[in-house]
Amino acid sequence: MPSDQSTWLIAVPQGHDPQATYQKLATKLGQQAKLPSRNIGQLAIPIFKTGTLDSLIALSEDLPKQESFFTATVAKNVETLRNLLNNDPAKLEQHVLVDEQSVDTYLLNGWKWNEDRYDVQKSLRELVNTLHKEMTSIDNAMKAKLNNYNLVKGSLTQMQRKKAGNLSIRSLADVVSKDDFIQDSEYLETLLVAVPKSLTKDWNDKYERLASMVVPRTSTLITTDDEYSLFSVVIFRRVHDEFVQKCREQKFIVRDFVYSEEEIAKQQQELEIAGTTAKELWTELLRLARTNFSESLQILVHLKVIRLFVESVLRYGLPAEYIGFVVKPEPKNVKKVFNILQTQFAYLSSRSSVAQGGKIGGEEFIGEYQTLMDQEFFDFILYEVPWIVT
């Protein structure tokens, strides 16, 4: 049973009147399954060069692996878009487009093979190789751009994190000023101490006696937050280590900070550059992911059409002329839609090569094709395009 979270691509032998076959199916699906007419469309399957039986069998075994890779690449593009857009469904819907139209419109509004890009006069293997090369290029370009963006974003996040948090851990560059420090003294230095609010009284009572050479009455409150108060205090340089150790014992946190206007300006500049670069890369990545989604979905669908053709030849034999349908069932009526398809195409069971004891055009199946015969078959060929954008 196909998934109720996918759009179905279906292939059957062409018959004498393809348009009548389509209209009959559309009418039944509309009347019996209440499927809207917009949820069924025609799929133009080209007449490819069939090649040899061995080449078709090899393709039949290779295509599922290719399809998995292609599907994963499309899904990664969607996930990138989702993350860039903060998981906003409305915004995501504006970007998961194929040539500036919705996926449903692309699939259901008379899908045709792109002959300008993929010459049907080439062999099926050549076409598959071309599709694979294009998808690999998309995947590699996306990985490189995403990795670059993540590096810059990570650096920016780290810089921003330094400006967050409480006074015991955050950057103090934008908290203090030049006036908070003794400048150019050979013997004296200003230290910054983050004191838990519950210990503020202890600090005021004890700081002058924490070391032998603390300058009296130099403790100055600079700022506070919910957890800590930040004080400055002047001490003699020679007792620096002793003072820091005594503060640690009292649970006062001496911040490792040396005031430098040049360093503060440098940090601010680095933050601004990182922010600007991250925004630029975000825009580039969004544009690339949007373009790559469109390209990769088209490549995936073209591969699925090749798979429909290959399996149709192996199943129904020659002439290699098949018609295709695109059906988007709704979860509430998926079983009924599938049953209608089975009933509509039940007559094909007698044409199935598998049903005929394993013959294609009179030739016996041999060797490796036995594994394909073990698969579950319907009387029609069906492959799914997952709703990976939902």
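Bear in mind the structure is a predicted one, so any value in this text is a computation, not a measurement.
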Once you round to the nearest 0.5 Å, how far does [atom1] of [X] lie from [atom2] of [Y]?
X	Y	atom1	atom2	value
Leu300	Leu131	CG	CG	10.0 Å
Leu35	Lys28	CG	NZ	14.5 Å
Tyr316	Glu321	OH	CD	15.0 Å
Leu92	Leu84	CG	CG	10.5 Å
His95	Thr80	NE2	OG1	13.0 Å
Ile381	Leu308	CD1	CG	7.5 Å

Inspect the surroundings of [atom1] in [X] and state if more than 12 heavy atoms from other residues, nucleotides or ligands are less than 6.0 Å away.
X	atom1	result
Gln158	CD	no
Lys197	NZ	yes
Asp205	CG	yes
Lys246	NZ	no
Arg237	CZ	yes
Gln19	CD	yes

Under a 3.5 Å distance rule, please check whether [X] uses its side chain to pair with a backbone N or O of [Y] as donor and acceptor.
X	Y	answer
Ser349	Asp379	no
Asn150	Leu146	yes
Asn339	Lys335	yes
His132	Val128	no
Ser60	Leu56	no
Thr27	Gln23	yes
Ser155	Leu151	no
Asn333	Glu330	yes
Gln342	Phe378	no
Gln42	Tyr22	no

With a 4.5 Å cut-off on side-chain heavy-atom distances among I, L, V, M, F, W and Y, is there a chain of contacts connecting [X] to [Y]?
X	Y	result
Phe293	Leu97	no
Leu191	Ile253	no
Val193	Leu172	no
Val120	Tyr118	yes
Val233	Met213	yes

Quick one: are [X] and [Y] in side-chain contact, heavy atoms under 4.5 Å?
X	Y	result
Leu43	Ile10	no
Gln160	Leu271	yes
Ser232	Leu192	yes
Leu124	Phe309	yes
Ser171	Met159	no
Leu341	Leu25	yes
Leu382	Phe325	no
Tyr106	Gln298	yes

Checking Ser6 against Tyr383 for the side-chain contact (heavy atoms from CB on, under 4.5 Å) test, could you report, in this order, the C-alpha distance in whole Å, the side-chain angles of both residues, the deciding distance, and whether it holds? CA-CA 9 Å; Ser6 65; Tyr383 292 112; over 6 Å; no
Are [X] and [Y] within salt-bridge range, i.e. N to O under 4.0 Å?
X	Y	result
Glu295	Arg117	yes
Glu100	Arg290	yes
Arg82	Glu79	yes
Arg125	Asp62	yes

Can you name the nearest heavy-atom pair linking [X] to [Y], along with the distance?
X	Y	answer
Asn204	Ser219	OD1-OG, 4.4 Å
Lys163	Asp174	CE-OD2, 3.3 Å
Met142	Ala289	CE-CB, 3.3 Å
Ala164	Arg170	O-CB, 2.8 Å
Pro331	Gln5	CG-NE2, 3.9 Å
Pro13	Tyr322	CA-CD2, 3.7 Å

Using the side-chain contact (heavy atoms from CB on, under 4.5 Å) rule, take Tyr149 and Glu284 through it: C-alpha gap first, then chi angles, then the decisive distance, then the call. CA-CA 9 Å; Tyr149 170 72; Glu284 292 176 13; over 6 Å; no
So, Glu126 versus Thr130: side-chain donor-acceptor pair below 3.5 Å or not?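 No, no side-chain donor-acceptor pair sits under 3.5 Å.
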Do Ser177 and Asp179 get their side chains close enough for a donor-acceptor pair, meaning under 3.5 Å?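 Ser177 vs Asp179: no donor-acceptor pair found between side chains.
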Worked verdict on Ile182 versus Glu189 for side-chain contact (heavy atoms from CB on, under 4.5 Å): CA-CA 6 Å; Ile182 290 178; Glu189 67 175 329; over 6 Å; no
Checking Phe236 against Val215 for the side-chain contact (heavy atoms from CB on, under 4.5 Å) test, could you report, in this order, the C-alpha distance in whole Å, the side-chain angles of both residues, the deciding distance, and whether it holds? CA-CA 8 Å; Phe236 280 79; Val215 180; 4.2 Å; yes
Identified side chain to side chain contact (heavy atoms under 4.5 Å, CB included) partner of Phe231 from the options Ile222, Thr220, Thr200: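 Single pass found, and it is Thr200.
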On the 0 to 90° scale, with breaks at 30° and 60°, tag the Trp8-Phe338 ring pair as parallel, tilted or perpendicular.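 Ring orientation of Trp8 relative to Phe338: perpendicular.
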Ring centroids only, cut at 6.0 angstrom: are Trp113 and Phe48 within range, meaning strictly under it?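 Here the rings of Phe48 and Trp113 have centres that are less than 6.0 Å from each other.
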